[in-house]
Amino acid sequence: MKIATFNINGIKARAAALCDWLDAAKPEVVLLQEIKSVDANFPRELFEDRGYNVETHGQKSFNGVAILSKLPLEDVSRGLPGDDGDDQARWIEATVVGKTALRLCGLYLPNGNPAPGPKYDYKLAWMERLHDRARALLAAEEAALIAGDYNVIPQPEDAARPEAWEKDALYLPQSRAAFRRILNLGLTDAFRARHPEPGHYSFWDYQAGAWQRNDGILIDHILLTPQAADLLKDSGIDAHVRGGEKPSDHVPVWAELDL
DNA sequence: ATGGTGGGGATCCCA
């Protein structure tokens, strides 16, 4: 079963590119970020016509996450626990059942720039809540996948020019330490488990010809609990999507699980 | 040091 994460940077602007990729890659499950749409305006028929069940957690103008799945989506929940005052749509969960049950968690982690400042404080607080949720998922000792746009460059080899990101919220030591602390709970990075070498990216800025110069960063990650990691067969990044018509600035990252 | 591009939707915010 192929499960992908894809920050599409606006569903309205990306409907064609997303459908082209779905038709070619045929993933069973897709976790979407930055749909930038309220639930009522999400073009769910586009995906239902292709055999996907659709669950959204949107908001006006910004953020917004969704799950597309050919298998039924059960026990859907919206919003990352830990702060009732947080109204930003950045987290959605659901369960699919294949050979075994798999809990899917889709996330759009705060960007955090400029740092320092209130946006960076929000990012770090959000990562603390993510840590707590990940710990609970691990304690359940079941297969779970926590994937999305983490807005964290975990290590120097995850950037073409790490020195350019030294003062950026995506690469500050505190951001990387918070990510590592979550990983160190016992999660497996599905892409890095199979592709440890440098030079793999999931985001290229629209500006300054970043794609043409391959000036990318790897910030979209798929983390697996041990029970899910045991099912990992393959993983990859569909980088070619960045060279398509009206592309997102991110590309799909996927994992194949024996589910 | 600056400005480079793009989406959303309102005359500016966010990335």
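Chain identifiers are assigned alphabetically (A, B, ...) following the order of the sequence lines, protein sequences preceding nucleic acid strands; residue numbering begins at 1 within each chain. Note that this is a predicted model, so its numbers are computed, not measured.
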Going through the distances and angles, do A:D86 and A:Y122 end up as a side chain to side chain donor-acceptor pair (under 3.5 Å)? CA-CA 10 Å; A:D86 183 3; A:Y122 174 65; 3.0 Å; yes

Honestly curious: do [X] and [Y] fall in one hydrophobic cluster under the side-chain, below-4.5 Å linking rule?
{"X": "A:I219", "Y": "A:F191", "answer": "no"}
{"X": "A:I217", "Y": "A:W211", "answer": "no"}
{"X": "A:W21", "Y": "A:Y52", "answer": "yes"}
{"X": "A:L104", "Y": "A:L232", "answer": "yes"}

Considering all heavy atoms of both residues, which atom of A:A143 and which atom of A:A101 are nearest to each other, and what is their separation?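 Distance-wise, the nearest heavy atoms are CB-O, 3.6 Å.
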
Quick check on side chain to side chain contact (heavy atoms under 4.5 Å, CB included): which of A:Q59, A:H57, A:E34 does A:V65 satisfy it with?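 For A:V65, the side chain to side chain contact (heavy atoms under 4.5 Å, CB included) check succeeds only for A:H57.
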
Taking [M] as the reference, what is the distance to [N] when you measure between their [atom1] atoms (whole Å, please)?
{"N": "B:dC13", "M": "B:dA1", "atom1": "C1'", "result": "23 Å"}
{"N": "B:dA10", "M": "B:dC14", "atom1": "C1'", "result": "14 Å"}
{"N": "B:dT5", "M": "B:dG9", "atom1": "P", "result": "23 Å"}

Rounded to whole angstrom units, what separation is found between the CG atom of A:D215 and the C1' atom of B:dG4?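 That distance rounds to 13 Å.
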
What string of B, S and - do you get for nucleotides 8-15 of chain B 5' to 3' if you count protein non-hydrogen atoms under 4.0 Å? SSS--BSS

Name of the residue among A:E74, A:E93, A:E142 meeting salt bridge (charged side-chain N to carboxylate O under 4.0 Å, His left out) with A:R103: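 The salt bridge (charged side-chain N to carboxylate O under 4.0 Å, His left out) with A:R103 is passed solely by A:E93 among A:E74, A:E93, A:E142.
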
Given the rule that a pair is Watson-Crick or G-U wobble with both distances under 3.5 Å, how would you write DNA chain B in dot-bracket, using | for pairs to a different strand? ....((((...))))

